[in-house]
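Below is one structure, written out as structure tokens; comments come after it.
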Amino acid sequence: MSDTTAKLTLGGADTSYAVRSGSIGPDVIDIRKLYASTGAFTFDPGFMSTAACESGLTYIDGDEGVLLHRGYPIGQLAEQSSFMEVSYLLLNGELPSKDELAAFSRTITRHTMLHEQLATFYRGFRRDAHPMAIMCGVVGALSAFYHDSTDIADPHQRMVASHRLIAKMPTIAAMAYKYSIGQPFLYPRNDLSYTANFLRMTFGVPAEEYYVDPAIERAMDRIFILHADHEQNASTSTVRLAGSSGANPFACIAAGIACLWGPAHGGANEAALNMLREIGRPERIPEFIARAKDKNDPFRLMGFGHRVYKNYDPRATVMQQTLREVFEALKINDPVFDVAIQLEEMALNDPYFIEKKLFPNVDFYSGVILSAIGFPTEMFTVLFALARTVGWVAQWNEMISDPEQKIGRPRQLYTGPVQRDYVPVDKR
Ligand code: CMC
């Protein structure tokens, strides 16, 4: 943008606001002084046009279908990197050297055990509790156990808390699953990778050795990479807002987990798989496409559409490839695969979806893959939370380190009653 200020005329008075440019992406109009200079607020429910913070972590160009972490395209990271390396990158800003990566992986590995007392928390839940309910409770409870990493003003403690959260999430998630099926918890094993360790704690039993299939370990690691961070989405904004009051990191991540649970956010992969199973066979696809287009029917194609992507979600491209690899490795022949591929093709050629720029998002294929690997649908959002934890803590750290950080406190357009006098109950 050539202008460096934006002018506003309101009630006959002119005011101007600085226009700031990032390294890439749209410029922003800095309206922080708007209320002080005009007495008016902006109105932007859903943050359709509002940048709530400055960030150097993740960049999305929704029109072009681009996703970069610290400048690196998601496709390259998914193909060539590992979840541990991407975690280091998000937290520290640069790719690690070989030694730095080894040291980081060692640190994370050494934090994977949980305080033994935490295991008793699980027994307070019903066996049929949704694992996301358990995740909210147990992650929030971490703040009661790790007092030595809750001083948010101390950068060292912030980093220890970040490492603990990244390291303990697989253990907490696997225990939530084990509890639901009545099997004993498995302790982590330090000779396994982050992802292999999680697979063993989830699917292994103490009675025998668990073989980690390298193809599944790779697919799972890639799924973690694809979910690691996604700019200022609803759960990340929740983490930032909770953290802006000075709340401890464990409580903030528990808030993020609660937000992620919703079907319009992290719960969409569960909803997408349920939908594909309900469709059942390719012949029924047109019926469901017609329902998605019907204004009087609340049904939506789950796994389609995105607030930011108005093009193919680059994560969905990698997911589709991963799906093929997993089905090949496990020699699976499931009709849901054909339903997914054909539904995508039909929707992409349908004028309704073309006009509204609705493309498959990351959740369209992830549920099918996770189900093939053996996860029940209730675990899908848990896996998303596990992987997104690194994004949440990196964003939270960035916010706390920002000297301009303030408590998040939106305003409103009030439409309720104006002042009136209280009437005692016997006179109403
Ligand atoms: N199926 C049918 N129509 C849709 C769909 C869909 N999946 N998504 C959006 N539309 C229509 C919607 O009815 C609206 O039409 P109109 O303009 O005529 O009222 C238009 O497209 C714009 O939709 P919107 O709800 O105003 O857009 P939004 O940016 O507020 O919502 C969304 C984005 C992701 C919530 C929405 O596309 C959706 O509900 N998709 C299905 C759920 C889903 O897959 N969620 C996962 C998101 S990606 C994972 C993540 O980041 O958490």
Side-chain angles (χ1 to χ4, degrees), residues 44-50 57-63 65-67 69 74 132 223-239 256-276 278-279 285-320 340 343-370 377 380-392 395:
D44 189 17
F47 302 106
M48 303 292 286
S49 302
T50 296
L57 267 111
T58 293
Y59 173 74
I60 303 172
D61 183 333
D63 293 326
V66 170
L67 168 60
H69 291 320
I74 189 67
M132 282 299 273
I223 291 172
F224 288 162
I225 294 174
L226 294 178
H227 288 89
D229 192 45
H230 210 228
E231 209 224 54
Q232 307 310 320
N233 56 86
S235 58
T236 301
S237 300
T238 301
V239 169
I257 294 172
C259 177
L260 186 76
W261 194 355
H265 192 5
N269 51 14
E270 185 175 338
L273 179 68
N274 290 340
M275 176 193 75
L276 293 171
E278 195 190 338
I279 297 174
I285 294 173
E287 177 196 326
F288 282 80
I289 291 202
R291 283 187 60 195
K293 288 160 45 174
D294 182 355
K295 278 268 153 266
N296 300 315
D297 188 332
F299 174 77
R300 283 185 170 200
L301 275 196
M302 298 314 285
F304 259 79
H306 199 275
R307 170 62 60 82
V308 180
Y309 293 115
K310 302 301 167 201
N311 201 327
Y312 212 97
D313 180 340
R315 301 168 301 171
T317 316
V318 184
M319 277 295 181
Q320 201 198 59
L343 176 61
E344 174 186 332
E345 201 181 306
M346 279 168 107
L348 289 179
N349 288 304
D350 188 293
Y352 173 93
F353 291 88
I354 295 170
E355 188 200 310
K356 294 189 188 304
K357 299 189 174 161
L358 299 169
F359 292 85
N361 61 49
V362 68
D363 291 321
F364 187 65
Y365 288 109
S366 62
V368 184
I369 304 175
L370 296 174
T377 48
F380 293 177
T381 320
V382 173
L383 301 173
F384 193 157
L386 187 170
R388 182 55 58 85
T389 296
V390 62
W392 288 332
Q395 299 263 359

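Side chains included, hydrogens not; waters and symmetry mates left out as well; all remaining heavy atoms used. Each ligand, and each atom within it, is numbered from 1 in the order the structure gives.
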Main-chain N/O of A234 paired to T238 side chain as donor or acceptor, under 3.5 Å: yes
Close side-chain approach of S235 and W261, heavy atoms under 4.5 Å: no
Heavy-atom side-chain contact between E344 and Y312 under 4.5 Å: yes
Proximal ligand 1 atoms for K295, defined as those under 4.0 Å from one of its heavy atoms: 13 (O), 15 (O), 16 (P), 18 (O), 19 (O)
Shortest protein contact, atom 50 (C) of ligand 1 (heavy atom only): H265 ND1, 3.6 Å
Numbered atoms and elements of ligand 1 in range of K356, under 4.0 angstrom, heavy atoms: 11 (C), 15 (O), 16 (P), 17 (O), 18 (O), 20 (C), 21 (O)
Proximity winner for atom 3 (N) of ligand 1, if only heavy atoms of F384, Y309, Y352, F299 are counted: Y352
A268, any N or O under 3.5 Å of ligand 1 N or O: no
Within-cut-off N or O pair, R300 and ligand 1, under 3.5 Å: yes
Atoms of ligand 1, numbered as shown, that sit under 4.0 Å from any heavy atom of A292: 2 (C)
Criterion side-chain contact (heavy atoms from CB on, under 4.5 Å) on F359 and D313, from CA distance to verdict: CA-CA 7 Å; F359 292 85; D313 180 340; over 6 Å; no
Closer than 4.0 Å: a protein non-hydrogen atom to atom 22 (C) of ligand 1: no
Shortest protein heavy-atom distance from atom 48 (S) of ligand 1, along with the residue and atom involved: H306 CD2, 3.3 Å
Of the listed options L358, N361, T381, D363, closest to atom 5 (C) of ligand 1 (non-hydrogen atoms): L358
Atom OH of Y352 with >12 non-hydrogen neighbours under 6.0 angstrom: yes
Nearest-contact summary for atom 7 (N) of ligand 1 - protein heavy atom, Å: L301 O, 2.7 Å
Flag side-chain contact, heavy atom, 4.5 Å: V318 against V362: no
Atom 42 (C) of ligand 1 [closest protein heavy-atom partner, distance rounded to 0.1 Å]: M302 CE, 3.4 Å
Test of proximity, R307 against ligand 1: N or O pairs below 3.5 Å: yes
Interfacing atoms of ligand 1 (cut-off 4.0 Å, heavy-atom, G303): 43 (C), 44 (O)
Heavy-atom pair of closest approach, residues P314 and L67: CG-CB, 3.8 Å
H230/Y309 aromatic ring centres below 6.0 Å: yes
Aromatic centroids of F299 and F288 separated by under 6.0 Å: yes
Protein residue, atom and distance nearest to atom 41 (C) of ligand 1, heavy-atom basis: F304 O, 3.4 Å
Distance, nearest 0.5 Å, that separates CG of L383 from CG of L370: 5.5 Å
Nearest neighbour in protein (non-hydrogen) for atom 34 (C) of ligand 1: G305 O, 3.6 Å
Atom 26 (O) of ligand 1 within contact range, any protein heavy atom under 4.0 Å: no
Donor-acceptor contact below 3.5 Å, side chain R388 vs main chain G266: no
